[in-house]
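Take a look at the structure set out below.
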Amino acid sequence: MEPARVDFIIMFSIATAVMLLLAFSIILFVIFYQKRILSEQLKRQVMEVEYQQKMLQAALESQEKERSRLASDLHDSVGAMLSTIRLTLHPLVKAGNGDTLDQTKQLLDETIETVRRISRDLLPTSLEKFGLSHAIKEMCERIQLSGIIEVKISETGTPIEMDKKREVLIYRIAQEMISNTIRHSKANWMHVQLVWSDTLQLVIQDNGEGFAYKGFKEKQTNYKPGLGLYNIETRVSLLGANLEYNTVFPQGSQFTVKIPTAA
Amino acid sequence: MSLEVINDLSNYSQWLGSFVIMSLVLASYRRFDGSVKILGLMGVVSVVFQSLQAVSMEFFNTQYLNDIGDCYVFLETLLFLAFYYVLFTSNRYLRFALFGSAFIIVSIYNMVLFGDATYPWYAVLSATRNVLLILFSVFAFFKLLTDLPNDNLLSLPLFWINSGILFYFSCTFMLSLTMDYIAQVLTNDFKMFWTFKNFLRAGFCVVICIGIWKARQKPSHSAS
């Protein structure tokens with residue numbers, strides 16, 4: 001074989017191999033670069049979601065603290081002062097100084113009761129003392145006694161004690177849902193169910209007129225952000241729970257929240 | 001197996017590759033977008049010119065490097081430039097560069113037809129084609145990365161088509177550059193190099209076919 005020919009074939013092979021290697025490197029670079037960028041994007045998205053969750057949690061916690069402070073102030077200061085005024089009035093009423101004093105005392109009693117109710121709504125002490133089931137039952141009984149709507153409450157399974165922060169979130173969801181039912185559903189009957197298993201299912205059913213959940217959500221996103229349903233959904237997402245809405249035959253609606261009992 | 005047989009085999013395989021490209025595009029022609037249609041047209045041109053080349057060599061005893069080959073390289077380059085022109089719809093500068101490249105190719109082909117017959121025009125034409133297409137395939141990869149699709153890259157038609165173009169024209173760059181030298185000096189080895197090119201071409205066709213198949217599976221039937 002002639003040396004010039006051999007030299008040419010060697011040079012040709014090396015040059016072709018180098019070109020092939022370059023092409024291969026470019027393609028590999030494209031594949032790995034895309035993968036790296038996508039994984040970084042994914043990480044950033046996860047971090048953003050976590051950050052938003054933390055912000056929401058902090059906002060809700062600060063809201064709870066504020067409610068607690070307000071409830072204490074109402075109960076300890078305003079409530080105590082009103083009670084003192086009532087006691088001061090008592091001898092005057094007993095002395096029989098007329099109808100006006102009677103009416104004033106009655107008004108005062110109603111005011112004291114209102115302050116107590118607001119204070120209780122703001123800080124459900126029974127939640128702290130007796131747990132979630134008891135607090136929700138107590139809330140339902142109170143509404144039943146008020147006569148605004150007929151409330152039935154049922155519980156199945158064994159209650160599981162959860163982190164207090166989670167219990168407060170669930171309580172607020174129940175409170176918001178019940179309040180929405182009373183205000184908007186035009187129902188005269190409501191059934192609250194607590195189903196304990198691996199998860200806690202909070203089911204609130206009514207015989208009201210129901211509503212288009214999806215359409216309502218879109219309207220809310222476009223025009224009225226930050227309303228009741230948004231608050232419920234925020235808390236649901238913080239709990240890692242799942243919210244379902246169903247129309248009930250022949251009329252009414254049913255909200256089901258499936259909540260993992262462990263954080 | 002003799003070199004003659006292997007060479008015939010390589011000829012048939014590259015012809016078959018081009019035929020499959022043509023058939024794949026023609027089978028769903030209306031549903032593909034412009035870029036894939038251009039690839040189909042390239043398949044048609046390839047099949048026609050390879051057949052003409054085979055006929056001319058069989059019946060008129062022509063050389064491997066002849067006017068048919070020159071014309072094919074010229075047309076193929078213009079078709080690939082058109083393919084990239086359709087892809088780079090949003091980039092004015094790249095489209096301008098493609099026009100410039102087309103002008104260069106037309107000028108060189110003009111020299112092939114009317115210039116000094118002893119000058120290695122085939123090498124100039126095909127090496128220029130290779131350089132231009134390597135550059136545009138790199139730009140297309142760059143575009144792919146800037147668009148950053150969320151899909152797996154291997155599912156994208158453009159990835160396969162572009163990889164095929166980059167591989168083939170990179171591997172044949174040295175061959176294109178030295179083809180006239182090989183034809184004149186290493187005459188006995190010419191068939192060996194030509195066979196190597198044919199097999200690379202067949203591989204290139206397979207990769208392009210994968211790209212077209214992926215485009216067929218995509219709802220929009222587009223290469224990008």
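Each chain gets a letter, A, B and so on, in the order its sequence line appears, and its residues count up from 1.
- Contact annotation for A:Phe24: both backbone and side-chain heavy atoms come within less than 4.5 Å of a heavy atom of chain B.
- Annotation for A:Lys186: atom NZ does not count as buried by contact number, only 12 or fewer foreign heavy atoms lying within 6.0 Å.
- Annotation: B:Phe141, atom CZ; neighbour count of heavy atoms from other residues, nucleotides and ligands within 6.0 Å is above 12.
- Interface remark: B:Phe169 contributes no atoms to any contact with chain A (heavy atom separation under 4.5 Å).
- Interface residue A:Ile26: only side-chain heavy atoms are found under 4.5 Å from chain B.
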Any donor-acceptor pairs between chain B and chain A, under 3.5 Å? If so, list them.
residue: A:Arg5; atom: NE; partner: B:Asp189; partner atom: OD1; Å: 3.3
residue: A:Arg5; atom: NE; partner: B:Asp189; partner atom: OD2; Å: 2.2
residue: A:Arg5; atom: NH2; partner: B:Asp189; partner atom: OD1; Å: 2.6
residue: A:Arg5; atom: NH2; partner: B:Asp189; partner atom: OD2; Å: 3.1
residue: A:Gln34; atom: NE2; partner: B:Pro149; partner atom: O; Å: 2.8
residue: A:Gln34; atom: NE2; partner: B:Asp151; partner atom: O; Å: 2.9

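- Chain A forms more heavy-atom pairs under 4.5 Å with one residue of B:Leu153, B:Ile134, B:Val138, B:Leu175 than with any other, namely B:Leu153.
- No side-chain heavy atom of A:Phe12 sits less than 4.5 Å from a side-chain heavy atom of B:Leu177.
- From B:Leu166, atom CG reaches atom CD1 of A:Ile27 across 5.0 Å, with rounding to the nearest 0.5 Å.
- The CE atom of B:Met174 lies 14.0 Å from the CG atom of A:Leu20; values are rounded to the nearest 0.5 Å.
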